[in-house]
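Below is one structure, written out as structure tokens; the observations come after it.
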Amino acid sequence: MVQRIVPDILVYDLPAAVKEYSVIHHLEVVMDLGSVVTLADADGHQLTLIAADPAGGVNPEMSIFVDDVQASHDAAVAAGVEIVRPLTAEPWGVTRFFYRDGAGHVVNVGTHTATQERP
């Protein structure tokens with residue numbers, strides 16, 4: 001099941017973009033990985049700003065968080081889509097993979113797998 005879908009926006013000046021979205025839309029930083037920042041409002045609406053994905057490689061255009069990332073990965077493989085980044089347990093507590101959809105968009109599919117301090 002999908003838990004939430006978050007747009008991932010590539011930006012060239014991350015601190016300026018964080019300030020802009022925070023001021024205009026009253027969003028607060030809820031995750032800061034240095035090159036990726038997620039902002040949210042009090043109701044949990046989220047937006048992720050990306051200067052570069054911390055794992056390297058291609059940047060996703062959206063993130064879809066699910067309750068069973070292995071099942072989503074299996075479904076993506078069965079559908080024959082290109083897996084751009086393999087299923088990986090990241091050090092910041094998310095297990096995820098990237099795939100390229102039929103229109104060429106890169107989608108990050110993940111689930112929170114651990115509660116720990118963020119870098």
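Start at 1 with the first residue, then count along the sequence.
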Test your reading of the model: is there a side-chain donor-acceptor pair from Asn108 to the backbone of Phe98, 3.5 Å cut-off?
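Answer holds: no.
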
Nearest 0.5 angstrom please: Thr88 OG1 to Arg96 CZ, how far?
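Taking OG1 in Thr88 and CZ in Arg96, the distance rounds to 7.5 Å.
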
To the nearest 0.5 Å, tell me how far Ile64 CD1 sits from Ile5 CD1.
4.5 Å

Please identify each residue that fulfils ring pair (Phe, Tyr, Trp, His ring centres under 6.0 Å) with Phe97, with sequence neighbours left out.
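His73.
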
Should Trp92 and Leu33 be marked as a side chain to side chain contact (heavy atoms under 4.5 Å, CB included) after you check the CA-CA gap, both sets of side-chain angles, and the distance that decides it?
CA-CA 8 Å; Trp92 56 87; Leu33 298 176; 3.8 Å; yes

Is [Y] close to [X] at the side-chain level, that is, under 4.5 Å between some pair of heavy atoms?
{"X": "Val106", "Y": "Asn59", "value": "no"}
{"X": "Ile50", "Y": "Ile9", "value": "no"}
{"X": "Thr48", "Y": "Val36", "value": "yes"}
{"X": "Leu47", "Y": "Thr38", "value": "no"}

Quick test of your reading: applying salt bridge (charged side-chain N to carboxylate O under 4.0 Å, His left out), list the pairs with at least one residue in residues 15-25, sequence neighbours left out, ordered by first then second residue.
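Non-adjacent pairs meeting salt bridge (charged side-chain N to carboxylate O under 4.0 Å, His left out): zero.
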
Give me each pair satisfying salt bridge (charged side-chain N to carboxylate O under 4.0 Å, His left out) with a member in residues 100-111, each pair once, sequence neighbours excluded.
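Residue pairs passing salt bridge (charged side-chain N to carboxylate O under 4.0 Å, His left out), neighbours aside: Glu82-Arg100.
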
In this structure, would [X] and [Y] fall into the same cluster of hydrophobic residues linked by side-chain contacts under 4.5 Å?
{"X": "Leu10", "Y": "Leu49", "result": "no"}
{"X": "Val30", "Y": "Leu14", "result": "no"}
{"X": "Phe65", "Y": "Tyr99", "result": "no"}
{"X": "Val81", "Y": "Val58", "result": "no"}

So Arg4 and Val2, side chain to side chain contact (heavy atoms under 4.5 Å, CB included) or not? Walk me through it.
CA-CA 6 Å; Arg4 73 181 185 278; Val2 172; 5.8 Å; no

Going by the rule side chain to side chain donor-acceptor pair (under 3.5 Å), which residues pair with Thr111 if we only count those two or more places apart in sequence or in a different chain?
none

For Gln70, all residues meeting side chain to side chain donor-acceptor pair (under 3.5 Å), sequence neighbours excluded
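Side chain to side chain donor-acceptor pair (under 3.5 Å) list for Gln70, sorted by chain: Asp74.
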
Exercise: identify the closest heavy-atom pair between [X] and [Y]:
{"X": "Ser22", "Y": "Leu39", "answer": "OG-CD2, 4.0 Å"}
{"X": "Asp41", "Y": "Leu27", "answer": "N-CD2, 3.6 Å"}
{"X": "Gln46", "Y": "Ala40", "answer": "CG-CB, 3.8 Å"}
{"X": "Asp8", "Y": "Met62", "answer": "OD2-C, 3.1 Å"}

Please evaluate residues Asp67 and Gln3 with respect to the criterion side chain to side chain contact (heavy atoms under 4.5 Å, CB included), reporting the C-alpha separation (whole Å), side-chain torsions for both, the decisive distance (0.1 Å), and the verdict.
CA-CA 7 Å; Asp67 61 356; Gln3 296 173 328; 3.7 Å; yes

Contact list for residues 4-36, test ring pair (Phe, Tyr, Trp, His ring centres under 6.0 Å), sequence neighbours left out
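For residues 4-36, and leaving out neighbouring residues, the ring pair (Phe, Tyr, Trp, His ring centres under 6.0 Å) pairs sorted by first residue read Tyr21-His25.
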
Under the side chain to side chain contact (heavy atoms under 4.5 Å, CB included) criterion, do Val109 and Val107 qualify, and how do the steps go?
CA-CA 6 Å; Val109 180; Val107 180; 4.0 Å; yes

